[in-house]
Amino acid sequence: MTDEDFMQIALKQAKKAYTQDEVPIGAVIVDPDTGKIVAKAYNKTEHGNNPTAHAEITAINKACKKLSSKRLWNLDLYVTLEPCTMCAAAISFARIRRLIFGAVDAKGGAVVSGVQFFNQPTCHHKPQVTYGILEEQSSIILKDFFKQKR
């Protein structure tokens with residue numbers, strides 16, 4: 001499967017969030033050696049009353065539990081929106097091999113925007129980063145969601 005294929009799966013997760021009135025962001029953790037999905041998740045901050053229940057954090061927690069490991073060496077994370085600082089730190093601590101995301105988040109992102117967490121001297125691990133994969137679709141679902149809110 002390609003980056004686009006896995007990002008399509010992340011977008012399906014984002015659509016699940018949308019239907020539950022959560023900010024539509026989806027994440028998928030993949031073993032690139034086998035092509036198997038280790039974990040899938042979407043934002044659950046509103047209904048879970050949990051500000052840390054971002055798609056990336058939830059997917060990382062699921063993968064760590066499934067693999068009985070605090071490190072996710074050699075795994076890839078696909079997410080529809082550029083991770084925030086909290087999620088970038090979790091990605092670093094989990095030792096994700098590669099981060100692939102769709103839309104850039106100029107306001108809240110922390111990878112290529114904002115603080116650029118992985119470029120900071122205090123960052124313990126920097127994953128390979130690819131972005132812009134299905135960027136338009138990732139952006140449209142967020143714009144539609146917030147248009148309904150206004």
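No donor-acceptor pair under 3.5 Å is formed between the side chain of His54 and the backbone N or O of Cys87. Glu56 places no side-chain N or O within donor-acceptor distance of the main-chain N or O of Ile91, the cut-off being under 3.5 Å. Counting only distance, with no hydrogens or angles, the side chain of Glu46 and the backbone of Asp21 share no donor-acceptor pair below 3.5 Å. Without hydrogens or angle criteria, Glu22 side chain to Ala17 main chain gives no donor-acceptor distance under 3.5 Å. Without hydrogens or angle criteria, Thr80 side chain to Gly26 main chain gives a donor-acceptor distance under 3.5 Å. The main-chain N or O of Pro24 is never found under 3.5 Å from a side-chain atom of Asn43 such that the two would form a donor-acceptor pair.
Residues Asp105 and Lys107 meet the side-chain proximity criterion, which asks for heavy atoms closer than 4.5 Å. Between Met1 and Val30 the shortest side-chain heavy-atom distance does not fall below 4.5 Å. The closest side-chain heavy-atom distance from Val23 to Leu142 is below 4.5 Å. For the pair Arg98/Tyr78, a side-chain contact is recorded, criterion being any heavy-atom separation below 4.5 Å from C-beta on. Using a 4.5 Å cut-off on side-chain heavy atoms (C-beta onward), Val111 and Phe118 make contact. Taking the side chain as every heavy atom from C-beta outward, Glu82 and Val112 approach each other to under 4.5 Å.
Pairs of residues two or more places apart, or lying in two chains, that qualify as ring-ring contact (aromatic ring centres under 6.0 Å, His included) and include a residue from residues 124-147 are Tyr18-Phe145, Phe93-His124, Phe101-Tyr131.
Relative to the ring axis of Tyr42, Lys40 does not place its NZ or CZ within 45° and under 6.0 Å from the centre.
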Applying side-chain contact (heavy atoms from CB on, under 4.5 Å), run through Ile57 and Met86 and close with a yes or a no.
-> CA-CA 9 Å; Ile57 301 285; Met86 173 183 70; 4.2 Å; yes

Check step by step if side-chain hydrogen bond (donor to acceptor under 3.5 Å, both in side chains) holds for Asn61 and Thr58.
-> CA-CA 5 Å; Asn61 285 338; Thr58 304; 5.6 Å; no

What do the steps show when you test Leu67 against Leu72 for side-chain contact (heavy atoms from CB on, under 4.5 Å), and what is the final call?
-> CA-CA 8 Å; Leu67 300 173; Leu72 301 176; 3.9 Å; yes

